[in-house]
Amino acid sequence: MLSALVVALRTPDLRRKILLTLGVLALSRLGAAVPAPGVDHAALRACLDTAAGGDSAGIYQLIGMLSGGALLQLSVFAIGVAPYITASIITQLLTVVIPRFERLRKEGEPGQARITQYTRYLSVALAVLQASTVVALAGRGLLPRGCHREVLADRSPFGMIVAVLVLTAGAALVMWFGELISERGIGNGMSLLIFAGIAARIPGQGKAILDAEGGVVFAAVCVAVVLVIVGVVFVEQGQRRIPVQYARRVVGRRMYGGASTYLPLKVNQAGVVPVIFASSLLSVPGLIAKSVPGSSAPSRWQEILQTYLVNPGNPVHVAVYFVLIVFFTYFYVAITFAPDERAEEMKKFGGFLPGYRPGTATSDHLAFVLSRITLPGAVYLGVVAVLPNLLPVGGTGASQSLAFGGTSVLIVVSVGLDTLKQLESQLLHRNYSGFLRRTPYDR
């Protein structure tokens with residue numbers, strides 16, 4: 001692998017792409033450390049030292065993970081890629097609901113460019129909404145949670161408007177960084193930005209666990225993370241290959257078709273999207289309980305929400321989280337993979353599944369296989385996502401930083417594998433051996 005990477009760095013165009021990717025990732029981490037205007041950095045640092053991870057639950061942690069920890073720092077890139085990720089998911093759902101979006105998707109590259117433009121507009125709108133929420137929460141002392149200091153030095157309307165505009169501009173710049181990497185670099189830009197943010201937080205989280213829980217618990221957590229990584233790699237590479245046969249066609253004096261191939265169906269067909277859906281939905285009760293004004297003592301229903309749905313260590317929270325992940329996995333796979341369209345495409349180009357007639361029989365078989373293979377994928381996502389909640393480090397701020405540990409491992413491993421595959425395909429395209437050495441017996 002290292003020798004292949006050296007060959008890639010010696011190739012001018014690949015070296016240019018790799019350096020561009022690394023440079024953009026470095027700029028994104030630099031922007032995550034630049035404080036936004038109107039923020040009292042000394043007061044914010046004191047709040048973070050006191051809270052020690054108190055904002056790691058719910059929607060705070062979701063945006064914090066997607067921003068690489070820049071949310072709690074109230075930096076220029078505090079919003080991160082969260083608006084673009086949300087907008088992309090919404091546009092994918094709209095392609096199933098709205099006929100115009102479905103027609104654009106079927107138009108090919110021009111239609112996809114139009115959908116991408118709509119996604120950008122929606123991302124900016126969501127960035128304005130999230131930036132306003134972050135500034136309002138910081139002004140009320142709810143970000144970081146439990147902070148009783150004046151985090152915003154300038155709480156005038158003009159100062160808060162400037163802060164919202166800066167955070168929105170930072171989110172737009174992060175979106176451009178991701179598109180720049182996807183077009184001129186190596187790998188998926190948005191995924192790599194999230195990857196860099198998560199990787200940058202690993203040393204700090206590890207040190208926090210070591211200081212709070214001791215060496216034995218830290219070693220147990222490291223072993224658990226390694227086992228999870230092995231399991232994630234094994235499942236992410238797993239797929240069900242459905243054989244596809246193409247009939248021979250004679251066009252003029254040439255014969256086309258007659259080849260045998262396969263249709264790959266991944267075990268984890270939905271990726272990490274169901275986990276994000278479930279986490280966002282499960283964070284709503286906590287936001288409702290915190291946003292409803294009342295007396296100093298919480299009411300009975302607020303105590304129930306905090307105990308059973310907000311506390312990540314409660315068995316009810318873990319069970320509801322797992323069920324939501326399984327549900328959203330089936331839901332997302334159903335709207336992103338259409339067996340009818342796949343069967344129609346194969347029929348159009350003369351393809352068929354051996355033993356099944358083209359058309360309805362092929363579509364029914366694909367739906368049957370997809371429903372069976374989605375179950376282990378959904379269970380796998382649920383287990384990996386709830387596993388950090390079951391680790392014996394509950395009750396401290398250091399452990400709460402692991403509440404998204406399963407999701408972080410999913411993202412890091414998936415993005416790493418996809419990036420290596422893209423780099424290997426670039427090498428193979430230039431007649432190099434790639435990352436896996438091939439022996440003379442591989443034909």
Side-chain angles (χ1 to χ4, degrees), residues 1-26 28 81 84-85 88 92 105 108-109 112-113 115-116 176-196 198-199 229-244 246 256-257 259-273 336-337 342 345-346 349 351 373 377 409-443:
M1 176 177 176
L2 294 178
S3 61
L5 186 59
V6 170
V7 174
L9 292 175
R10 290 178 179 175
T11 307
D13 54 341
L14 285 181
R15 181 174 65 249
R16 192 180 307 112
K17 291 182 178 181
I18 294 174
L19 294 179
L20 173 66
T21 303
L22 295 178
V24 172
L25 293 179
S28 68
V81 300
Y84 187 85
I85 297 296
S88 301
Q92 287 184 0
R105 183 175 62 85
E109 187 174 350
Q112 188 61 40
I115 293 178
T116 302
W176 180 70
F177 281 167
E179 294 182 350
L180 184 64
I181 293 177
S182 300
E183 292 177 2
R184 302 183 181 181
I186 297 292
N188 183 279
M190 297 299 172
S191 300
L192 284 175
L193 290 175
I194 301 175
F195 175 91
I198 295 174
I229 291 176
V230 173
V232 169
V233 172
F234 179 78
V235 178
E236 289 293 331
Q237 296 291 89
Q239 58 182 220
R240 169 72 182 274
R241 297 182 176 183
I242 301 179
V244 180
Y246 284 91
Y256 297 91
S260 298
T261 183
Y262 59 87
L263 178 64
L265 295 180
K266 294 183 62 176
V267 175
N268 182 21
Q269 192 78 14
V272 76
V273 174
T336 55
F337 186 91
R342 297 296 185 274
E345 290 175 359
M346 286 190 293
F349 293 99
I373 202 174
V409 172
L410 282 173
I411 295 176
V412 169
V413 175
S414 301
V415 174
L417 290 176
D418 291 340
T419 304
L420 289 178
K421 287 180 180 179
Q422 290 194 24
L423 189 55
E424 183 181 9
S425 65
Q426 297 273 357
L427 291 174
L428 294 177
H429 181 69
R430 291 164 176 79
N431 297 324
Y432 292 118
S433 58
F435 291 106
L436 299 179
R437 291 290 185 182
R438 289 170 173 78
T439 64
Y441 301 98
D442 296 332
R443 300 297 182 186

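The closest donor-acceptor contact from the side chain of T21 to the backbone of G185 lies at 3.5 Å or more, if one exists at all. A donor-acceptor pair is defined here as one N or O able to donate and one able to accept, closer than 3.5 Å; such a pair exists between the side chain of S182 and the backbone of G189. With Q422 contributing its side chain and G187 its backbone, the two residues share a donor-acceptor pair below 3.5 Å. Using modelled atom types, no side-chain atom of E345 and backbone atom of R342 make a donor-acceptor pair closer than 3.5 Å.
The two atoms that bring E236 and S414 nearest to each other are CD-OG, 3.6 Å, heavy atoms only. Taking all atoms of both residues into account, the shortest heavy-atom contact from E179 to M190 is N-CE, 4.3 Å.
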**OP:** Please step through side-chain contact (heavy atoms from CB on, under 4.5 Å) for the pair N188 and D418, ending with a clear verdict.
**Re:** CA-CA 8 Å; N188 183 279; D418 291 340; over 6 Å; no

**OP:** Before giving the answer on side-chain contact (heavy atoms from CB on, under 4.5 Å), spell out for L20 and I181 the whole-Å C-alpha distance, their side-chain angles and the decisive distance to 0.1 Å.
**Re:** CA-CA 7 Å; L20 173 66; I181 293 177; 6.0 Å; no

Original post:
Does the pair I18 and R15 meet the rule for a side-chain contact (heavy atoms from CB on, under 4.5 Å), with working shown?
Top reply: CA-CA 5 Å; I18 294 174; R15 181 174 65 249; 5.8 Å; no

**OP:** I would like to know whether F195 and T419 meet side-chain contact (heavy atoms from CB on, under 4.5 Å); could you show each step before the answer?
**Re:** CA-CA 11 Å; F195 175 91; T419 304; over 6 Å; no

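The CZ atom of R241 lies 11.5 Å from the CG atom of L263; values are rounded to the nearest 0.5 Å. Note that CZ of R184 and CG of D13 are 14.5 Å apart. Values are rounded to the nearest 0.5 Å. For the atom pair CG of L25 and CG of L192, the computed distance is 6.0 Å after rounding to the nearest 0.5 Å. Considering CG of L423 and NZ of K17, their distance stands at 10.0 Å, rounded to 0.5 Å. In this structure, the separation between CG on L19 and CG on L14 is 10.5 Å, given to the nearest 0.5 Å.
The shortest distance between side-chain heavy atoms of I373 and Q269 does not fall below 4.5 Å.
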